[in-house]
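These values consider heavy atoms only, across backbone and side chains, with no hydrogens, waters or symmetry-generated copies. It should be emphasised that the depicted structure is a prediction, and the values quoted were computed from it without experimental measurement.
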Amino acid sequence: MSVVGKKNWIIPDCELPPEGEGVLKGHESVIIVNDTKKKAVIKVKLYFADKEAYEGIVWTVDPQKVRCFRMNNLDDMCGFKVPLETQYAMKIESSQPVVIQYGRLDNRQTNLAYYTTMAY
């Protein structure tokens with residue numbers, strides 16, 4: 001069996017939108033698939049344009065599982081509060097090869113905008 005994924009990823013265009021007032025709340029998320037037979041321990045580093053990078057976020061994804069991490073969830077972010085409407089980037093280093101997808105739901109305008117992209 002060949003394992004799918006890689007250990008190092010970058011998401012260059014992150015920006016946490018406010019929740020807004022609609023039924024669907026604005027958010028960002030990182031979805032991680034661990035196709036291996038070992039737990040993936042994942043270190044996250046955030047880069048900002050106007051301040052020092054932040055380290056200290058650690059995620060885990062069990063073998064053969066998928067997990068969604070929300071940037072507006074303090075538990076998911078290990079207590080770090082991601083600033084709203086601030087452009088940043090994310091580096092993700094995993095102990096096991098994983099596949100990562102990024103998603104953002106932005107409802108600051110009348111036309112709801114949701115998009116996803118694969119990390120690099």
- Task: Test side chain to side chain contact (heavy atoms under 4.5 Å, CB included) on Lys91 and Trp9 and set out the steps.
- Result: CA-CA 6 Å; Lys91 179 180 181 182; Trp9 297 85; over 6 Å; no

- Item | Approximate separation, where rounding is to 0.5 Å, of Lys81 NZ and Leu16 CG | 9.5 Å

- Message: If we ignore hydrogens and angles and just use 3.5 Å, is the side chain of Trp59 paired with the main-chain N or O of Asp76 as donor and acceptor?
- Response: yes

- Task: Indicate yes or no for a side-chain donor-acceptor contact from Arg104 to the backbone of Ser29 under 3.5 Å, with no hydrogens or angles considered.
- Result: no

- Closest heavy-atom pair, Asn34 versus Pro97, reported as atoms and distance to 0.1 Å, is OD1-O, 4.1 Å

- Task: State plainly whether the residues Arg67 and Asp62 are in salt-bridge range, i.e. N to O under 4.0 Å.
- Result: no

- Message: Could you go through Ile57 and Lys43, starting from their C-alpha distance and side-chain angles, then the distance that decides it, and tell me whether this counts as side chain to side chain contact (heavy atoms under 4.5 Å, CB included)?
- Response: CA-CA 6 Å; Ile57 300 164; Lys43 296 179 182 177; over 6 Å; no

- Task: For the pair Thr36 (side chain) and Gln96 (backbone), establish whether a donor and an acceptor sit closer than 3.5 Å, ignoring hydrogens and angles.
- Result: no

- Message: Set out, in order, the CA-CA distance, both residues' side-chain angles and the distance that settles side chain to side chain contact (heavy atoms under 4.5 Å, CB included) for Met90 and Val44, then state yes or no.
- Response: CA-CA 7 Å; Met90 187 180 299; Val44 180; 3.6 Å; yes

- Kindly state whether the ring of Tyr88 and the ring of Tyr47 have centres lying under 6.0 angstrom apart. no

- Message: Please report the interatomic distance CE(Met77) to CD(Glu28), rounded to the nearest 0.5 Å.
- Response: 8.0 Å

- If you look at every heavy atom in Lys38 and Pro63, which pair is closest and at what distance? C-CG, 3.5 Å

- With the 4.5 Å side-chain cut-off for hydrophobic clustering, are Leu84 and Val82 part of the same group? yes

- Query: Does the side chain of Val58 come within less than 4.5 Å of Ile42's, by heavy atoms?
  - Reply: no

- Query: Which class fits the ring pair Phe80 and Tyr54: parallel under 30°, tilted 30 to 60°, perpendicular over 60°?
  - Reply: parallel

- Message: Tell me whether Glu85 at atom CD has more than 12 heavy atoms from other residues, nucleotides or ligands lying less than 6.0 Å away.
- Response: yes

- Query: Looking only at heavy atoms, what is the nearest atom pair of Gln87 and Pro12, with distance?
  - Reply: NE2-O, 3.0 Å

- Query: What's the spacing between Asn8 CG and Ser94 OG if we round to 0.5 Å?
  - Reply: 8.5 Å

- Task: Go through Val66 and Ile31 one step at a time and tell me if the side chain to side chain contact (heavy atoms under 4.5 Å, CB included) criterion holds.
- Result: CA-CA 7 Å; Val66 61; Ile31 301 92; 3.6 Å; yes

- CD1 of Ile92 to NZ of Lys7: how many Å apart, nearest 0.5 Å? 15.5 Å

- Task: Give a yes or no on this: more than 12 heavy atoms of other residues, nucleotides or ligands lie within 6.0 Å of atom NZ of Lys65.
- Result: no

- Query: Looking only at heavy atoms, what is the nearest atom pair of Cys14 and Tyr102, with distance?
  - Reply: CA-OH, 3.5 Å

- His27 vs Met71 side-chain heavy atoms within contact, under 4.5 Å: no

- Message: Contact between Glu15 and Pro83 at the side-chain level, heavy atoms closer than 4.5 Å - yes or no?
- Response: no

- Is the shortest heavy-atom distance from the side chain of Gln101 to the side chain of Val30 under 4.5 Å? no

